[in-house]
2 protein chains.
Amino acid sequence: MMNMIQRKTRNPEQTRNDLLDAAYHEILESGFQAASLERILANTSVSKGALYHHFGTKRDLGLAVIEEVIGPQLEKRWFTILAQHDNPINGLYNLIAEKIAQADESVIRYGCPLNNLIQEMSPLDESFRQGLQKILERWVEVVAQALKEGQSAGQVRPDTNPEDIALYIVASIEGCVGLGKNAQSIDAYQRCLRQLQVYIQSLAV
Amino acid sequence: MMNMIQRKTRNPEQTRNDLLDAAYHEILESGFQAASLERILANTSVSKGALYHHFGTKRDLGLAVIEEVIGPQLEKRWFTILAQHDNPINGLYNLIAEKIAQADESVIRYGCPLNNLIQEMSPLDESFRQGLQKILERWVEVVAQALKEGQSAGQVRPDTNPEDIALYIVASIEGCVGLGKNAQSIDAYQRCLRQLQVYIQSLAV
DNA sequence: GAAGATACCGACCAAACGGTATATTGTCAA
DNA sequence: TTGACAATATACCGTTTGGTCGGTATCTTC
């Protein structure tokens with residue numbers, strides 16, 4: 001082979017991260033199945049050989065995106081913040097207030113990366129489903145834990161089941177995002193979340 | 001051309017319906033983008049020529065599925081039933097109770113056809129988005145209308161906004177289905193919907 | 001500094017895709 | 001009965017797909 005223009009200095013970690021990042025965006029925009037490896041490569045100026053050095057298959061790349069990009073992102077944007085408050089009602093309320101205030105183009109346009117992949121992939125690939133489910137369960141658990149502590153502290157109504165309510169809250173959030181996405185309407189998204197706030201307040205003692 | 005084995009008797013309407021039905025199932029299982037025309041044809045024993053006689057493009061077929069299959073299906077399963085009750089709280093409650101009781105494999109496995117397409121297609125194709133939005137708006141409107149009438153009849157709390165609540169209820173339903181789908185768990189689906197029932201009851205006067 | 005491992009390159013491939021072109025046949029009005 | 005058109009059939013096409021492979025460059029280790 002004649003002309004080999006390789007990256008001057010190697011940086012396998014950077015290459016891997018570039019690929020994960022580009023794949024994340026490509027999947028966000030097109031879904032996993034319609035995500036094009038060629039487009040991902042074009043957006044990273046990484047070669048196909050490099051890609052297949054770091055990831056065995058497209059599927060592996062997708063699973064890595066779930067575990068290494070989407071998971072940590074939600075961890076940062078929801079879970080850690082939620083764990084800080086000492087009153088779960090206020091914590092949830094404020095967190096959602098923040099989402100309402102920060103409602104940006106990206107959420108309205110592309111929705112929730114987690115939910116997108118759930119709807120597309122969970123019936124098609126068991127590994128995807130499990131990867132997504134792990135994140136979902138963590139989310140529900142964080143909310144449930146907060147509610148439980150709130151019950152102990154006498155802040156949350158005792159006649160409620162934290163696990164069930166947590167499940168429902170997470171479902172509602174995903175639903176609000178999904179509806180806002182199809183309506184292409186920040187207003188609908190915000191109105192929807194505000195009703196969720198009302199519901200959350202109804203859990204207070 | 002040598003071997004032309006045509007259907008003895010023509011039936012263009014039947015052919016069209018067969019295609020819509022097969023396309024609906026293919027899309028439900030694989031999503032729109034990954035839906036294969038070849039597979040649809042194989043499941044209908046319709047020829048490619050016939051398909052392209054009835055539908056100009058794959059996209060047209062998808063839009064027809066939304067308008068002629070998914071729309072009417074929701075109309076039948078939700079909207080008409082909901083319009084019958086004269087107390088919206090009971091109406092919604094019972095309708096959801098029915099969904100809880102009827103929770104079948106298909107809902108858990110494939111989720112809601114409407115929501116699936118929303119998450120996949122609404123950012124990618126404006127016509128899809130509009131077709132889906134039309135159904136969504138009808139859904140929200142039916143619920144809102146019922147709540148409004150309930151307010152007039154003194155059955156629903158007057159200090160609530162029917163449109164916002166309807167939006168939120170629809171979002172919650174889609175959320176519950178989505179979560180049950182990824183959990184592959186009828187139980188999670190039912191627990192989630194039961195919390196929605198609790199919420200709905202809280203709207204009563 | 002030689003050797004072996006790791007990282008990267010890009011041409012190539014078979015399969016599947018949506019879509020087209022052209023031929024044929026059933027249907028029905030005139 | 002026939003002419004016109006709607007309906008159906010199938011071979012074929014260009015493109016894109018995920019994936020492979022032989023090769024090269026850089027890095028690490030001894």
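Within every chain, numbering begins at 1; the chains are lettered A, B, ... in the order of the sequence lines, protein sequences first and strands thereafter.
Taking A:Y199 as the reference, A:I165, A:Y168, A:I169, A:L196, A:S202, A:L203, B:Y168, B:Q195, B:Y199 meet the side chain to side chain contact (heavy atoms under 4.5 Å, CB included) condition, with sequence neighbours excluded. Taking B:L82 as the reference, B:L92, B:L95, B:V142, B:V143 meet the side chain to side chain contact (heavy atoms under 4.5 Å, CB included) condition, with sequence neighbours excluded. In this structure, the side chain to side chain donor-acceptor pair (under 3.5 Å) partners of B:E163, at least two apart in sequence or on a different chain, are B:K148. For A:D86, there are no side chain to side chain contact (heavy atoms under 4.5 Å, CB included) partners, not counting sequence neighbours. Applying the side chain to side chain contact (heavy atoms under 4.5 Å, CB included) criterion to B:N94, with sequence neighbours excluded, gives B:H85, B:N90.
Between the P atom of C:dG18 and the CG atom of B:D60 lies a distance of 14 Å, rounded to the nearest Å. Distance, B:N11 CG to D:dA6 C1': 13 Å, rounded to whole Å. Atom CG in A:D18 sits roughly 15 Å away from atom P in C:dA7 (whole-Å rounding). Rounded to whole angstrom, the span from the CG atom of B:N17 across to the P atom of D:dA7 amounts to 13 Å.
Screening residues 99-122 of chain A for salt bridge (Lys or Arg N to Asp or Glu O under 4.0 Å) gives no qualifying pairs among residues at least two apart or on separate chains. Among residue pairs with one or both ends in residues 28-73 of chain A, those qualifying as ring pair (Phe, Tyr, Trp, His ring centres under 6.0 Å) are A:F32-A:F128; sequence neighbours excluded.
For B:K48, counting side-chain heavy atoms from C-beta on, the closest listed nucleotide (C:dT20, C:dA11, D:dC27) is C:dT20. Of the candidate nucleotides D:dT26, D:dT8, C:dG10, C:dG10 has the atom lying nearest to any side-chain atom of A:S47.
Considering only side-chain N and O atoms, B:T9 lies nowhere under 4.0 angstrom from the phosphate OP1 or OP2 of C:dG26.
For DNA chain C, the neighbouring residues in residues 51-59 of chain B, judged by any heavy atom under 4.0 Å, are B:Y52, B:T57, B:K58. Listed in residue order, the members of residues 22-40 of chain A having a heavy atom less than 4.0 Å from DNA chain C come to none.
With hydrogens and angles ignored, no donor-acceptor pair under 3.5 angstrom links the side chain of B:R10 to the base of C:dT27.
Checking side-chain atoms of A:K48 against main-chain N and O of A:L37 turns up no donor-acceptor pair under 3.5 Å.
There is a side-chain donor-acceptor pair under 3.5 Å between B:Q130 and B:E126.
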